[in-house]
Amino acid sequence: DTAVSQTPKYLVTQMGNDKSIKCEQNLGHDTMYWYKQDSKKFLKIMFSYNNKELIINETVPNRFSPKSPDKAHLNLHINSLELGDSAVYFCASSPSLTGRVLFFGSGTQLSVL
Amino acid sequence: QQQVKQSPQSLIVQKGGISIINCAYENTAFDYFPWYQQFPGKGPALLIAIRPDVSEKKEGRFTISFNKSAKQFSLHIMDSQPGDSATYFCAASSVGNFNKFYFGSGTKLNVKP
């Protein structure tokens, strides 16, 4: 009955590979997000979607491509992985664009070797 | 540049003591200031939040103090317990900004038994 679930929890891969992280929420929320937490624990928004529509696209390299097949799912595909992509990626959701509360998943720790 | 500055980076408190974490912001358009608590291996979870029309909000042992003129806010944890050991993030957002949150850099709190 996890509210925001993301898979996998750990992802270890080589430089240059392509990988995907999946996220699902069962809260009935309209808005979903991807946040990146770097090694210093700094949390920064990457993307947000509202009812499958891209709303926020921060200055993220084009190698990162989010996809929202429906409002309960938001996936993140990363092409040509680089060492600097190593981080913890969090999916989150909120009731709406004005919901003001974020519900986070448990994170995906990505290690690029 | 970092929109929300948080200090200290780490904090050690004895059980029963008071933990105080401070945050400062520059953007006067911010109108919502939440604190999130993150345990190892988990995503951040909303702890308590305040709007700038009040100077203090209390929920159990957790209190936010807000100083609008100084553009500062702080989290006070009274009677700190070992179970409070976690990383705490302050954040800020403004209405009409698509629920975009700016997070502080986090404070790792360790409450000693």
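Letters go in sequence order (proteins before strands), and every chain restarts at 1.
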task = Measure A:Lys40 against the heavy atoms of chain B and call it side chain, backbone, both or neither at under 4.5 Å.
result = backbone
ask   = Hey, quick one: are A:Leu97 and A:Leu27 part of the same hydrophobic cluster, counting side-chain heavy atoms closer than 4.5 Å, chains of contacts allowed?
value = yes
key: Contact check, side chains of B:Lys108 and A:Lys41, non-hydrogen atoms, under 4.5 Å   = no
query = Shared ILVMFWY cluster between A:Ile21 and A:Tyr10, side chains joined below 4.5 angstrom?
reply = no
ask   = Do B:Val4 and B:Phe66 belong together in a cluster built from hydrophobic side chains that touch within less than 4.5 Å?
value = yes
inquiry  = If you count every heavy atom of other residues, nucleotides or ligands that lies below 6.0 Å from B:Gln81 atom CD, does the total exceed 12?
reply    = yes
note = Pair count under 4.5 Å, heavy atoms only, with chain B: among A:Thr98, A:Asn50, A:Leu102, A:Thr31, highest is A:Leu102
inquiry  = Please check if the number of heavy atoms outside B:Glu56 that lie under 6.0 Å from its CD is greater than 12.
reply    = yes
message = Just so I understand: if I count every heavy-atom pair under 4.5 Å between each of B:Ala91, B:Ser105, B:Pro34 and chain A, which residue has the most?
response = B:Ser105
task = Determine yes or no for a side-chain-to-main-chain donor-acceptor pair under 3.5 angstrom, with B:Asn99 supplying the side chain and A:Arg100 the backbone.
result = yes
task = Calculate, to the nearest 0.5 Å, the distance between atoms CZ and CD belonging to A:Phe42 and B:Gln6 respectively.
result = 10.0 Å
note = Okay, A:Gln6 and chain B: the region with an atom under 4.5 Å from a heavy atom over there is neither
request  = Go through the atoms of A:Gln109 and report whether side chain, backbone, both or neither lie under 4.5 Å from a heavy atom of chain B.
outcome  = neither
inquiry  = Surrounding CG of A:Asn62 (heavy atoms of other residues, nucleotides or ligands, distance under 6.0 Å), is the total greater than 12?
reply    = no
request  = Against chain B, label A:Lys9 side chain, backbone, both or neither, depending on which of its atoms sit under 4.5 Å from a heavy atom there.
outcome  = side chain
task = Please determine, among B:Tyr36, B:Phe89, B:Phe39, the option with the most heavy-atom pairs under 4.5 Å with chain A.
result = B:Tyr36
key: Side chain / backbone / both / neither for A:Ile56 at chain B, heavy atoms under 4.5 Å   = side chain
remark   = So, the part of B:Gln9 with a heavy atom under 4.5 Å from chain A: the answer is neither
ask   = Side chain, backbone, both or neither: which part of B:Ser94 has a heavy atom under 4.5 Å from chain A?
value = backbone
key: Structural part of A:Tyr35 lying under 4.5 Å from a heavy atom of chain B   = side chain
message = Taking B:Val54 as the starting point, is it possible to reach B:Tyr25 by hopping between hydrophobic residues whose side chains are less than 4.5 Å apart?
response = yes
note = Cut-off 4.5 Å, heavy atoms of chain B, and the answer for A:Ser96 is backbone
query = Cluster question for you: counting only ILVMFWY and a side-chain heavy-atom cut-off of under 4.5 Å, with indirect links fine, are B:Phe30 and B:Ile48 together?
reply = yes
request  = Considering only heavy atoms and a distance below 4.5 Å, find which of A:Val101, A:Val4, A:Ile45 pairs most often with chain B.
outcome  = A:Val101
